[in-house]
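As the structure lists them, so they are numbered: ligands from 1, and atoms in each ligand from 1.
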Amino acid sequence: MDGNGRWAQSQGRERIFGHLNGVEAVRASLKAATACGVKYLTLYAFSTENWNRPKDEVEALMTLLVHTIMSELDELDKNEVRLSTIGDFDSLPENCKVELRKGMERTAHHSRINLILALSYSSRREITEAVRKMVSENISPEKISPDLISQYLGTAGIPDPGLLIRTSGEIRISNFLLWQIAYAELYFTETLWPDFGEEDFFAAILDYQNRERRFGLTSAQISSSEPSSHEKTKSGGAL
Ligand code: IPE
Ligand code: MG
């Protein structure tokens, strides 16, 4: 979710005004994702590196997070959204942790869509933590496999993303789900996050559905395969 600061500054406003307006884009994307049958929507809301922003901006973002969870929780519950987080949960301010825990407990039984907030998240840190944990459990080297590594990440149990969207014209990954996006389709748009609406989300999904996902195979292999396995390589399935 990138471009909040530039969106605000282009109107001569403070950066936080952009963050405030970014909440509407979160609502729109969640609504559009739910309508499309997306089962997992992960939002990169705050990176480990974002802690180094000016103190005022960090505080404002954390306050916005608390207020948004408080004000949206009824709606999330009503829409059967299951809320969870990835990232360094312990590093968040106490009031954020309290509201997030409340939100996660209240929505734990839902399964229409999983809304995963990446908070104080860094992929390299997540991988480092996973290695640390594996070593501390004395896992023998021959047992280490890609699947096992996945199970030690914060995203354990969550399928790898099919599609990654980045707004605001920046064409980079910025330490997000590096392991998990091995075969994700990447979608970049110039639209700044506060302007990103339902139509923009649908446009990204349409683009994704027209991609041929080969997973290392050749195009001929994909088109000559049985309809059932062919379907697996088309993007139209679960994201
Ligand atoms: C993304 O918008 C929101 C967060 C990182 C929390 P930015 O704040 O990065 O906006 P730009 O990139 O400065 O425009
Ligand atoms: Mg940015």
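- Following chains of ILVMFWY side-chain contacts shorter than 4.5 Å, one cannot reach Ile181 starting from Ile127, and the two form parts of different hydrophobic clusters.
- Here Arg101 does not pair with Glu105 in a salt bridge; the nearest charged N to carboxylate O distance is not below 4.0 Å.
- Near Arg6, meaning under 4.0 Å from any of its heavy atoms, are these atoms of ligand 1: 11 (P), 12 (O), 14 (O).
- Protein heavy atom nearest atom 1 (C) of ligand 1, with residue, atom name and distance: Met1 O, 2.8 Å.
- Under the 4.0 Å criterion applied to side-chain N and carboxylate O atoms, Arg6 and Glu170 are assigned as salt-bridge partners.
- Nearest heavy-atom pair across Ile69 and Glu99 is CG2-O, 3.7 Å.
- Atoms of ligand 1 found under 4.0 Å from any heavy atom of Asn50, numbered from 1 in the order shown, are 5 (C).
- The proximity of His19 to ligand 1, defined as any non-hydrogen pair under 4.0 Å, is limited to the side chain.
- Remark: aromatic rings of Tyr208 and Tyr187 are distant, center separation not under 6.0 Å.
- Note: no N/O pair closer than 3.5 Å links Trp7 and ligand 1 by distance alone.
- Cys96 and Leu65 get closest at one heavy-atom pair: SG-CD2, 3.9 Å.
- Residue contact annotation: Arg53 has a non-hydrogen atom under 4.0 Å from ligand 1.
- Of all the heavy atoms of Gln9, none lies under 4.0 Å from any atom of ligand 1, so neither backbone nor side chain is involved.
- Under the 4.0 Å criterion applied to side-chain N and carboxylate O atoms, Glu129 and Lys133 are not assigned as salt-bridge partners.
- At the shortest separation from atom 10 (O) of ligand 1 among protein heavy atoms lies Gly5 N, 2.9 Å.
- Proximity of Ala45 to ligand 1, defined as any heavy-atom pair under 4.0 Å, is confined to the backbone N, CA, C and O atoms.
- Within 6.0 Å of the CD atom in Glu14, the count of heavy atoms belonging to other residues, nucleotides or ligands does not exceed 12.
- Considering backbone and side-chain atoms alike, Asn4 places an N or O below 3.5 Å from some N or O of ligand 1.
- Neither the backbone nor the side chain of Glu49 has a heavy atom within less than 4.0 Å of ligand 1.
- Every heavy atom of Ser168 sits 4.0 Å or more from the atoms of ligand 1.
- Enclosure of atom CZ in Arg27 by more than 12 non-hydrogen atoms of other residues, nucleotides or ligands within 6.0 angstrom is indicated.
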**Q.** From CA spacing to verdict: side-chain contact (heavy atoms from CB on, under 4.5 Å), Ser120, Trp51
**A.** CA-CA 8 Å; Ser120 191; Trp51 288 116; 2.8 Å; yes
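- Neither the backbone nor the side chain of Leu192 comes within 4.0 Å of ligand 1, counting heavy atoms alone.
- Ring geometry, Tyr183 versus Phe215: the interplanar angle falls from 30° to 60°, so the pair is classed tilted.
- No N or O atom of Leu61 sits closer than 3.5 Å to an N or O atom of ligand 1.
- Linking ILVMFWY residues whenever their side-chain heavy atoms come closer than 4.5 Å, directly or via other members, leaves Val58 and Val23 in distinct clusters.
- For the Mg ion (ligand 2), the tally of protein N/O/S atoms lying closer than 2.8 Å stands at 1.
- Within a 6.0 Å sphere centred on NZ of Lys31, other residues, nucleotides and ligands contribute 12 heavy atoms or fewer.
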